[in-house]
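Presented below is the structure to which this report refers.
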Amino acid sequence: MSKQVSSSTMPQEKLLLNPFEVSDDQILERIYITHFHCVEKYDVGVLYSVASNVIKHSIEIADMIIKDGQQIEQVREETDPLTSFQRLPAMKRIACQMMCTARGEQYAHQTTMLILEQLRDYSWDAKAVIVLAAFALEFGKFWQLAHIPRDKLGQSLAELNGLQSIMENIQHLANFNNLVKKIVQVVKCITDWKKMITAEYNVKDVPSLTDTLHEIPVLAYWTISTLVTCTSHIDFLGDKGYRYDLSKFDYKLDFILKNFKDHQDKCSTQIGQIEDYSRRKDIITSIQTDTQIDIVKFLEALIIPSYSQDSRPIVYNGLTGPQVALGEFKNKHVLLFISGLDHIDNEIQLLKSINAKLKEEPNELEGYRKEDFKILWIPIVSVWDEEQKKKLDVTKVEWYVVKEFNFQTGIDLIKEVFNYKGNPIIMLISPEGKVENSDAKQIISKWGIDGFPFRTLDHTRLTQQWNWFWNEMITLSPIIRELIKRDSYIFIYGGTNTKWIQDFTTAVEKLKKNETLTLEEETTIESYPLGRDSPKIVPRFWITIDNLLASRKLTKKGSEQVQDSTTREIQKLMFLKQDPLGWAILTKGSHVKLLGHGDAMLRTVTDFESWKGTMHNEVSFDVAFKNYYDKCKVKSVPPKCEHREFANYPTDILAHIPCPNKCGHEMEVSSVKYMCCHGREASDIA
């Protein structure tokens with residue numbers, strides 16, 4: 001029957017391994033056998049504080065002896081606060097084991113492995129700190145007797161510890177204490193780093209953390225092995241002729257500490273990037289409540305790296321324009337265009353159209369000034385080689401561009417926060433640095449400049465502000481509902497001039513059959529002349545619209561009475577009714593795109609061959625149509641007549657009318673104002 005062999009009775013040759021003759025990977029394999037999961041919890045910080053204070057003050061005594069060349073009579077008064085900690089019964093036992101270790105690296109390794117077995121349930125930083133405290137226990141007692149004692153007991157203890165000859169070993173004491181200082185530094189390095197990384201980060205976030213965590217057990221092993229060796233030499237520090245070379249341990253600690261710090265530096269860099277990313281993300285997503293965040297801070301967080309100025313991306317006003325600072329966007333709304341360089345012709349032409357419209361009159365719409373809106377393009381490619389640079393140069397845009405953008409943190413933020421996956425996106429960012437519309441491309445594509453100022457609520461406004469029109473049209477003619485469902489382009493038109501109606505009907509029918517449009521799946525043309533189903537529909541329609549306008553109420557904006565968008569659209573339609581030729585409305589499904597005068601609308605439809613080529617550059621049929629219509633309108637609609645005559649007769653009574661307040665009396669009309677509205681828009685005569 002064989003006896004069970006414990007770890008303490010392992011074959012002698014295995015226990016007496018010389019750690020300097022094997023690699024650190026081999027040591028790691030051996031020491032990990034002794035390590036279990038961290039079951040035991042211990043306040044490493046408190047124990048380290050106590051142990052390091054003991055060592056620090058012990059070395060201060062030694063340094064004063066070495067400096068002055070004589071023993072000192074007393075140590076300065078202790079000023080460090082007392083710290084309470086849970087004493088470990090194993091600490092004294094570990095100290096005794098270290099004191100009793102024979103000289104030699106093999107014996108130090110043997111004791112180290114036994115200690116690791118005893119501390120198998122503790123974390124690696126706790127193992128190192130507990131052994132450091134065990135060393136401090138013996139090291140502190142030794143130096144406590146180093147000064148000249150005041151009583152006979154102290155003198156006798158000093159003699160028993162051989163401190164009379166300590167002055168003969170000054171150089172070796174200095175070397176010994178330098179090694180102890182290095183050990184304290186290594187232990188602090190382990191505890192500080194372990195505390196930080198376990199609290200906030202993992203290897204998924206910080207890839208270099210794997211190598212760093214791999215180094216900690218090896219670093220802890222060599223720290224403990226060095227402490228075992230140093231402890232076993234404490235009793236010999238006062239011996240005459242004490243000589244022992246500890247430089248091997250010194251060099252080894254230097255080597256592994258350097259490797260550890262290299263991995264630390266990589267981790268610190270990656271952690272810094274994580275924290276920088278998080279800070280920038282907070283700004284971009286408006287998590288921070290800092291009132292100082294604005295559009296400039298937003299753009300800085302998105303495109304400006306934290307490193308050297310030379311690496312910063314450059315913002316240009318147009319590809320061939322001057323370089324500009326981000327301060328150019330202060331107090332501005334920014335249409336942020338993010339894309340690659342392939343398959344973006346539609347978006348480029350769409351933004352070219354918007355950029356041009358932003359410079360046209362009227363300058364103010366919906367309470368916003370067009371001049372306060374800027375377009376900024378961030379093109380993103382994998383590598384900015386010569387081919388990509390040439391692609392960018394040939395686009396010839398006239399808005400702001402971030403050239404050669406390669407800031408990886410910014411690209412990652414764009415992908416995560418804005419869900420950018422390579423397809424072009426256009427967002428509206430407010431002067432306060434908030435995303436007002438994450439998909440401004442949708443409203444710009446559907447409505448063009450009519451979608452200004454391109455907020456999410458503007459899409460809702462434009463969609464709903466014509467509900468009154470469609471409700472009435474569907475009531476009068478149910479066929480309209482079917483036309484809307486097809487999402488086709490619809491011309492709804494009418495007027496009192498029969499010839500114009502015939503000409504417009506003929507032109508639209510010809511347009512429907514044009515080969516260019518029949519090849520376009522998304523460009524289907526439908527038409528509906530008002531009154532086609534029954535002539536009675538026409539007066540009923542206009543009476544309803546007229547009553548609807550009369551029922552609209554003014555809303556207040558500050559101290560002024562203003563009209564809402566629906567009222568303005570009703571007025572425009574009523575104004576078009578007065579056109580002597582006719583009127584026409586162009587819609588895309590239920591989205592009203594254009595209210596047009598008879599002559600200009602007829603010309604635009606008739607001249608399709610002249611402007612159809614622009615559809616290759618413009619985003620959609622309606623945008624190209626409206627651009628050509630605007631040119632025709634200038635020619636066909638007379639300019640605003642500025643002739644105004646006023647007649648004020650303060651004394652002559654021109655007429656009598658009943659008082660609208662029904663007081664029973666008549667009102668005297670004493671002043672009349674005449675104004676010609678020839679060629680004026682509905683908004684001008686409202």
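Along the sequence shown, the residues carry numbers beginning at 1.
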Under 3.5 Å, is there a donor-acceptor pair between the [X] and [Y] side chains?
X	Y	result
D622	Y629	no
Y628	D607	yes
N514	E609	yes
W466	S590	no

Expected output: side-chain [X] to main-chain [Y] donor-acceptor under 3.5 Å:
X	Y	answer
W399	N355	no
T475	N471	yes
K370	L365	no
D546	I543	no
T604	A600	yes
N437	F454	yes
K330	V296	no
T456	E436	yes
T544	R540	yes

[Y] and [X], any side-chain heavy atoms less than 4.5 Å apart:
X	Y	answer
K357	N627	yes
L335	I444	yes
I545	L549	no
M601	F491	yes
W583	Q578	no
L573	I585	yes
F418	L302	yes
E300	I283	no

Can you confirm whether more than 12 heavy atoms, excluding those of [X], are under 6.0 Å from its [atom1] atom?
X	atom1	value
Q442	CD	yes
K297	NZ	no
K389	NZ	yes
K415	NZ	no
K332	NZ	yes

Minimum-distance pair of heavy atoms, taken over all atoms of [X] and [Y]:
X	Y	result
S430	H333	CA-CD2, 4.0 Å
L602	A507	CD1-CB, 4.0 Å
P379	L392	CG-CD1, 4.0 Å
R532	S527	NH1-O, 3.6 Å
S438	M427	O-CG, 3.4 Å
I449	I354	N-CD1, 3.7 Å

Can you tell me how far [atom2] of [Y] sits from [atom1] of [X], rounded to the nearest 0.5 angstrom?
X	Y	atom1	atom2	answer
L326	D294	CG	CG	10.5 Å
H597	K633	NE2	NZ	5.0 Å
Y277	D412	OH	CG	5.5 Å
L483	I490	CG	CD1	5.0 Å
N317	E398	CG	CD	9.5 Å
I501	T506	CD1	OG1	11.5 Å

For this session: Apply side-chain contact (heavy atoms from CB on, under 4.5 Å) to the pair K631 and W611, showing each step before the final yes or no.
Result: CA-CA 11 Å; K631 296 176 183 177; W611 58 267; over 6 Å; no

Exercise. Cationic tip of K374 within the cone over F329's six-membered ring, i.e. under 6.0 Å and within 45° of the normal?
Worked result: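 Cation-pi check for K374 and F329: fails.
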
Problem set entry | K588 NZ/CZ over Y489 ring centroid, <6.0 Å and within 45° of normal |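 Yes, K588 sits over the ring of Y489.
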
Ion pair [X]/[Y], N-O distance below 4.0 Å:
X	Y	answer
E432	K434	no
K512	E509	yes
D458	R455	yes
R279	D276	yes

Problem set entry | Option passing salt bridge (Lys or Arg N to Asp or Glu O under 4.0 Å) with E416 (candidates K421, K281, R280) |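 Of all the options given, the one that passes is K281.
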
Exercise. So which of L581, V605, N497 actually passes side-chain contact (heavy atoms from CB on, under 4.5 Å) with F504?
Worked result: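 Per the side-chain contact (heavy atoms from CB on, under 4.5 Å) rule, the option paired with F504 is V605, out of L581, V605, N497.
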
For this session: Applying side-chain contact (heavy atoms from CB on, under 4.5 Å), run through W470 and R481 and close with a yes or a no.
Result: CA-CA 9 Å; W470 293 116; R481 188 191 301 274; over 6 Å; no

Exercise. Would F407 and L413 count as a side-chain contact (heavy atoms from CB on, under 4.5 Å) if you check the C-alpha gap in whole Å, the side-chain angles of each, and the deciding distance to 0.1 Å?
Worked result: CA-CA 10 Å; F407 178 37; L413 282 167; over 6 Å; no

Exercise. Y420 and I380: side-chain contact (heavy atoms from CB on, under 4.5 Å), yes or no, with the steps?
Worked result: CA-CA 10 Å; Y420 175 72; I380 297 176; 4.1 Å; yes

For this session: Determine the interplanar angle of the F608 and F621 rings, folded into 0 to 90°, and report it as parallel if under 30°, tilted if 30 to 60°, perpendicular if over 60°.
Result: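 Taking F621 first and then F608, their aromatic rings sit tilted (interplane angle of 30° to 60°).
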
